[in-house]
Amino acid sequence: MYDIIGDIHGHAKALEKMLIKLGYEPTEKGYVHASRKAIFVGDFVDRGPEILRTLDIVMQMVENGSAYAVAGNHELNVLCYYTKDEEGIPLREHNLKNRTQIKQTQQEFSEEKGLKKPYLKWMRSLPVFLEIDGLRIVHACWDQDAVDFLKQSNPQNRMSKKFLRRIMKEQGVEFEALMLLLKGYEFKLPEDMVIKDSYGFKRNSFRIKWWNSMEGESFHGLAFGNKFKLPTYTIPPELYFHIPNYKANSTPVFFGHYCLDGQAGVVAPNLCCVDACLANGGRLATYRWDGEQLLDQEKLVLVK
Ligand SMILES: [Mn+2]
């Protein structure tokens with residue numbers, strides 16, 4: 001059975017503490033459990049103090065069959081930052097905001113010449129989504145239409161250079177589908193409203209929970225957990241947009257990304273967010289899954 005582990009963002013110590021707590025043993029082939037496998041929901045890089053050590057632990061587990069992993073939006077960003085288009089221009093602009101976001105990762109990569117190449121290669125090998133033994137895993141949002149579209153357009157289900165160059169150039173349906181799975185839905189604020197993200201950069205959109213309806217929510221409530229100063233009045237219905245409902249009888253989905261802190265875990269009987277916001281002073285979360293279709297909050301394990 002599977003242990004689904006949330007966003008790590010370079011916190012290798014918390015990861016090792018979690019693996020030990022779950023009964024994985026350090027061996028020559030990395031962490032191994034006698035009867036279970038780990039599944040990582042992505043976002044290994046950026047922010048934390050030991051990004052390469054985090055990657056080493058996860059990569060070794062994946063390579064030796066002790067774990068699966070999917071890509072997060074931070075892996076996507078790192079890949080686009082270091083991948084150039086046909087004209088030699090990086091797929092992700094090297095502006096202040098993007099340079100700030102990648103800072104820790106870049107610092108660790110630059111400690112030694114040639115260090116980043118194998119890590120980038122591994123990130124390009126990560127599946128965008130995973131369906132396995134009655135489970136679905138994606139970094140941010142399981143949207144069936146987006147999954148079906150990507151299965152057709154990108155059957156290898158990896159973020160190859162060719163795939164990234166194509167979607168970044170076209171900025172079309174395929175790009176939108178990938179963004180939906182790795183970043184989820186974003187709410188675009190009216191022109192006169194601006195917020196700051198956790199890095200202090202101004203934004204006019206923010207992530208919203210795809211498993212909840214917008215009806216009756218305030219701007220403040222919708223921007224859950226963020227330190228944004230947003231009005232507490234109810235969002236006018238003309239600003240709602242439709243988010244497809246994930247059916248209650250569909251396969252359980254595990255995802256990270258939302259930095260839910262104390263709210264992490266089972267958000268619907270078949271939906272579980274395992275990101276308890278380790279990167280921003282929260283904890284690392286894992287759901288221990290034993291095949292159940294109705295998820296149980298008691299099966300969430302947390303470490304500081
Ligand atoms: Mn994320």
Side-chain angles (χ1 to χ4, degrees), residues 4-12 14-15 18 38-48 51 54-55 58 68-81 92 97-98 100-106 119-120 122-124 126-130 136-143 146-147 150 159 164 167 175-187 195-199 201 203 205-211 222-228 243 253-261 263-265 267 271-287:
I4 303 104
I5 302 178
D7 305 33
I8 305 162
H9 285 296
H11 289 272
L15 171 59
M18 174 62 85
I39 304 180
F40 295 98
V41 300
D43 275 8
F44 309 107
V45 298
D46 294 340
R47 295 181 191 268
I51 290 159
T54 300
L55 285 168
V58 174
Y68 295 95
V70 298
N73 59 312
H74 283 261
E75 281 74 51
L76 168 69
N77 289 348
V78 165
L79 285 176
C80 287
Y81 195 90
R92 186 169 167 83
K97 176 179 146 288
N98 295 343
T100 306
Q101 198 178 81
I102 203 172
K103 200 176 155 204
Q104 276 90 345
T105 306
Q106 189 170 41
Y119 293 107
L120 296 182
W122 181 76
M123 287 181 214
R124 279 193 290 269
L126 290 171
V128 173
F129 56 88
L130 191 65
R136 288 172 169 164
I137 317 289
V138 69
H139 180 64
C141 171
W142 191 276
D143 181 278
V147 167
L150 287 170
M159 301 191 293
L164 291 176
I167 65 159
F175 172 83
E176 296 296 335
L178 184 74
M179 290 304 133
L180 201 48
L181 300 193
L182 265 53
K183 295 173 77 177
Y185 284 90
E186 298 221 330
F187 185 81
I195 46 156
K196 279 185 183 173
D197 66 16
S198 55
Y199 293 96
F201 289 104
R203 287 172 184 258
S205 63
F206 57 84
R207 59 181 73 167
I208 57 171
K209 296 173 180 174
W210 55 275
W211 56 94
L222 197 64
F224 66 96
N226 295 306
K227 292 162 199 98
F228 308 145
I243 299 176
V253 175
F254 291 88
F255 56 97
H257 189 65
Y258 287 91
C259 227
L260 292 188
D261 230 319
Q263 309 298 310
V267 296
L271 299 175
C272 182
C273 176
V274 286
D275 182 14
C277 217
L278 180 63
N280 284 314
R283 288 168 293 175
L284 180 60
T286 296
Y287 186 95

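For ligands, and for the atoms within them, numbers begin at 1 and follow the listed sequence. Start at 1 with the first residue, then count along the sequence.
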ask   = Can you list the protein N, O or S atoms less than 2.8 Å from the Mn ion (ligand 1)?
value = D43 OD2, N73 OD1, H139 NE2, H257 ND1
ask   = Which residues pass the disulfide bond (SG atoms under 2.5 Å apart) test with C80, sequence neighbours left out?
value = none
task = Please tell me if the side chains of R47 and N280 come closer than 4.5 Å, counting only heavy atoms from C-beta onward.
result = yes
key: Partner residues of H9 under the ring-ring contact (aromatic ring centres under 6.0 Å, His included) criterion, sequence neighbours left out   = H74
message = My understanding is that only residues two or more places apart in sequence, or in another chain, count here; which of them pass ring-ring contact (aromatic ring centres under 6.0 Å, His included) with Y81?
response = H94
key: 4.5 Å side-chain heavy-atom contact, F255 and V267   = yes
ask   = Are M159 and L182 close enough that some pair of their side-chain heavy atoms sits under 4.5 Å apart?
value = yes
